[in-house]
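The structure appears right after this line, and notes come after that.
Please read all numbers here as calculations on a predicted model, not as lab measurements.
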Amino acid sequence: MIGVIDIEGDCAEWDFPADPGAVRTARAVVRKQLGAWGLGALGDITVLLVSELVTNSLRHASGPIGVRLVRPAGPADALLVEVSDPLPDPPLQRDAAPDDEGGRGIQLVARSSRRWGTRQGRTGKTGKTVWFELVLPG
């Protein structure tokens, strides 16, 4: 089950259990929130990248997975998307061989977003946050 932590104008944040159903639920709530903000044009790419990062978290970490969207205020031109988990190790970008079943998620994030990166968990939290920015339409 998902818990909505904060939805106030320019920020929406959810915590998901480390459960395979979290990927589907994360896609649904992200798409719904983008629609509510009038950013439906970013829906497909955002849910694809969120799916990749939440799936990575499920494969490599245990514990809650956080997803956060930040819609910029003022003249900023990018949507910030963050996925957090309790594992402190940053993801590795690698070149997957044609027959590899995995290893393309971070590559996809890097090539589809304006910028991306990782940082330690937010204040008072352990783990890491993987973030990326998508340019707003228009």
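- Between V130 and W116, the shortest heavy-atom distance links the atoms CG1-CE3, 4.2 Å.
- A pairwise comparison of heavy atoms in V29 and F16 identifies CG2-CZ, 3.8 Å as the closest pair.
- Residues V135 and L34 do not share a hydrophobic cluster, clusters being chains of Ile/Leu/Val/Met/Phe/Trp/Tyr side chains in contact below 4.5 Å.
- A heavy-atom distance below 4.5 Å is not found between the side chains of T118 and T129.
- Between L134 and L49 there is a side-chain heavy-atom pair separated by less than 4.5 Å.
- Side-chain atoms of I106 and L53, non-hydrogen and from C-beta on, do get closer than 4.5 Å to each other.
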For residues 40-47, which side-chain donor-acceptor pairs fall under 3.5 Å, sequence neighbours excluded?
{"unit_1": "D44", "atom_1": "OD1", "unit_2": "R31", "atom_2": "NH1", "d": "3.1"}
{"unit_1": "D44", "atom_1": "OD1", "unit_2": "R31", "atom_2": "NH2", "d": "3.2"}
{"unit_1": "T46", "atom_1": "OG1", "unit_2": "L42", "atom_2": "O", "d": "2.6"}

TODO: Apply salt bridge (charged side-chain N to carboxylate O under 4.0 Å, His left out) to the pair D89 and K128, showing each step before the final yes or no.
DONE: CA-CA 7 Å; D89 303 326; K128 68 169 171 311; over 6 Å; no
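- Looking only at side-chain heavy atoms (C-beta outward), R27 and K32 stay at 4.5 Å or farther from each other.
- Shortest non-hydrogen contact noted between A12 and Q33 is CB-CG, 3.7 Å.
- A search for side-chain hydrogen bond (donor to acceptor under 3.5 Å, both in side chains) contacts involving S113 returns nothing, not counting sequence neighbours.
- Within the hydrophobic cluster formed by Ile, Leu, Val, Met, Phe, Trp and Tyr side chains joined at under 4.5 Å, directly or through other members, L80 is accompanied by V70, W131.
- Applying the side chain to side chain contact (heavy atoms under 4.5 Å, CB included) test to A78 and every residue at least two apart in sequence or in another chain returns R114, E133.
- For the pair I65 and W14, the minimum side-chain heavy-atom distance is 4.5 Å or more.
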TODO: Could you walk me through whether R68 and C11 pass side-chain contact (heavy atoms from CB on, under 4.5 Å), step by step?
DONE: CA-CA 7 Å; R68 184 172 183 247; C11 179; 3.5 Å; yes
Donor-acceptor pairs under 3.5 Å, side chain of residues 17-24 to any protein atom, not counting sequence neighbours: which ones?
{"unit_1": "D19", "atom_1": "OD2", "unit_2": "G21", "atom_2": "N", "d": "2.9"}

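- Atom OG of S112 and atom CD of E52 lie 9.5 Å apart (nearest 0.5 Å).
- Nearest approach of H60 to L87, heavy atoms of both residues: O-CD2, 3.3 Å.
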